[in-house]
Amino acid sequence: MSKILCQTDIGDIFDLFEYCFREVMRNAVEHGAGKNLVVFGQRWEAKGVAEIVIYDDGIGVAETLYDNEYIDCNNGREALKFAILPGISGVSRDERFSQDETWGNSGFGLYVTSRFCAEYGSFRMISGDDALTFSRGVQSEHKWSLPGTFVQLRFSVQSSSGQVSRINQIIEEGKSEFSNILVDFPIQPSAASKLLASHFEKEHVF
Ligand SMILES: Nc1ncnc2c1ncn2[C@@H]1O[C@H](COP(=O)(O)OP(=O)(O)OP(=O)(O)O)[C@@H](O)[C@H]1O
Ligand SMILES: [Mg+2]
């Protein structure tokens, strides 16, 4: 599907697509615990925009984070914000120690994809009763109702092309942000909101 959406299977834009696609699909399989996974792709040729949507009918993001030892998560809306923080994973610390070095969960998949897509298009995650959207530097939160988890990644093919190195920069920024937020352990919802506020402006709903 990355090949169809990019109209090529080589180069930066293909690598970026594959990276984002793989991270979100892995999440559905590794954390969702559902029975079905549906993937949609769409490209608007004239606008130079492509979109991937991944939906799983699993347990939802909040269920995987309530028992997490690093964070103090109390509801679905907080769970979405925690899930996209760097270094936060629903997989327990003990389990992570025994995982494969390359494919083990480090808690960076959603942090990187959400920041990258927000810079070059938009990112939306809906799980249970809540939705979180980032688009062109603006963050918005909504009530929604959807069993399972839905992630929408949309980005401009032209402007994101040549931006593969941005992924590594975002990972480096995430490592330093993770050590900063871990100072107050367990991490509070307000710390998650504050970190998001440093990246995004909040949409005001009147
Ligand atoms: N589809 C999903 N269903 C349920 N929970 C999810 C889903 N996607 C993400 N999560 C939750 O959000 C957390 C953060 O996801 P993220 O991709 O950032 O990290 P990870 O998958 O744990 O590690 P990595 O992506 O670095 O391998 C997951 O560990 C999981 O708890
Ligand atoms: Mg992941």
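Both counts, for ligands and for their atoms, begin at 1 and track the order of listing. Please read these numbers as outputs of a predicted model, since none were measured by experiment.
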So for ligand 1, is Val91 a polar contact partner (N or O within less than 3.5 Å, distance only)? no

State whether the shortest distance between N or O atoms of Trp103 and N or O atoms of ligand 1 falls below 3.5 angstrom. no

Identify the closest protein heavy atom to [atom]: which residue and atom is it, and at what distance?
atom	answer
atom 21 (O) of ligand 1	His31 NE2, 2.7 Å
atom 8 (N) of ligand 1	Asn27 CB, 3.3 Å
atom 18 (O) of ligand 1	Leu110 N, 2.9 Å
atom 1 (N) of ligand 1	Asp56 OD2, 2.9 Å
atom 29 (O) of ligand 1	Gly90 N, 2.7 Å
atom 25 (O) of ligand 1	Gly109 N, 3.2 Å
atom 27 (O) of ligand 1	Asn105 ND2, 3.1 Å

Per-atom contacts, ligand 1 versus [X] - under 4.0 Å to a heavy atom:
X	result
Leu65	31 (O)
Ile88	14 (C)
Thr64	4 (C), 5 (N), 11 (C), 30 (C), 31 (O)
Ala83	12 (O), 14 (C), 18 (O)
Ala28	1 (N)
Glu23	25 (O)
Gly60	4 (C), 5 (N)
Val61	4 (C), 5 (N), 6 (C)

Can a donor-acceptor pair be found, under 3.5 Å and without considering hydrogens, that links the side chain of [X] to the backbone of [Y]?
X	Y	result
Arg93	Glu69	no
Gln99	Asn105	yes
Arg43	Leu5	yes

Would you please determine whether [X] falls within less than 4.0 Å of ligand 1 on a heavy-atom basis?
X	value
Gly58	no
Glu63	no
Gly104	yes

Say whether [X] and [Y], considering side chains only, have a donor N or O and an acceptor N or O under 3.5 Å apart.
X	Y	value
Gln169	Arg166	yes
Glu177	His199	yes
Thr149	Ser127	yes

Examine the proximity of ligand 1 to [X] and report which part, side chain or backbone, both or neither, has a heavy atom under 4.0 Å away.
X	result
Thr149	side chain
Val151	neither
Val24	neither

I'd like the name of whichever of Ser89, Gly107, Gly174 reaches closest to atom 23 (O) of ligand 1 through any heavy atom. Gly107

Parallel, tilted or perpendicular: ring planes of Phe116 versus Phe155, cut at 30 and 60 degrees: perpendicular

For residues Asp56 and Ile54, determine if any side-chain heavy atom of one lies less than 4.5 Å from a side-chain heavy atom of the other. no

Does any N, O or S atom of Asn27, backbone or side chain, fall under 2.8 Å from the Mg ion (ligand 2)? yes

Mark yes when over 12 heavy atoms from residues, nucleotides or ligands other than [X] sit less than 6.0 Å from its [atom1]; otherwise mark no.
X	atom1	result
Leu182	CG	yes
Asp184	CG	no
Asp67	CG	no
Lys143	NZ	yes

For the hydrophobic clusters of this structure (ILVMFWY residues joined by side-chain heavy atoms under 4.5 Å, transitively), does one cluster hold both Ile170 and Phe108? yes

Evaluation steps, salt bridge (Lys or Arg N to Asp or Glu O under 4.0 Å), between Lys175 and Glu172: CA-CA 5 Å; Lys175 285 183 190 162; Glu172 289 309 313; 3.2 Å; yes

Quick check on the 6.0 Å ring-centre criterion: do Phe82 and Tyr70 meet it? no

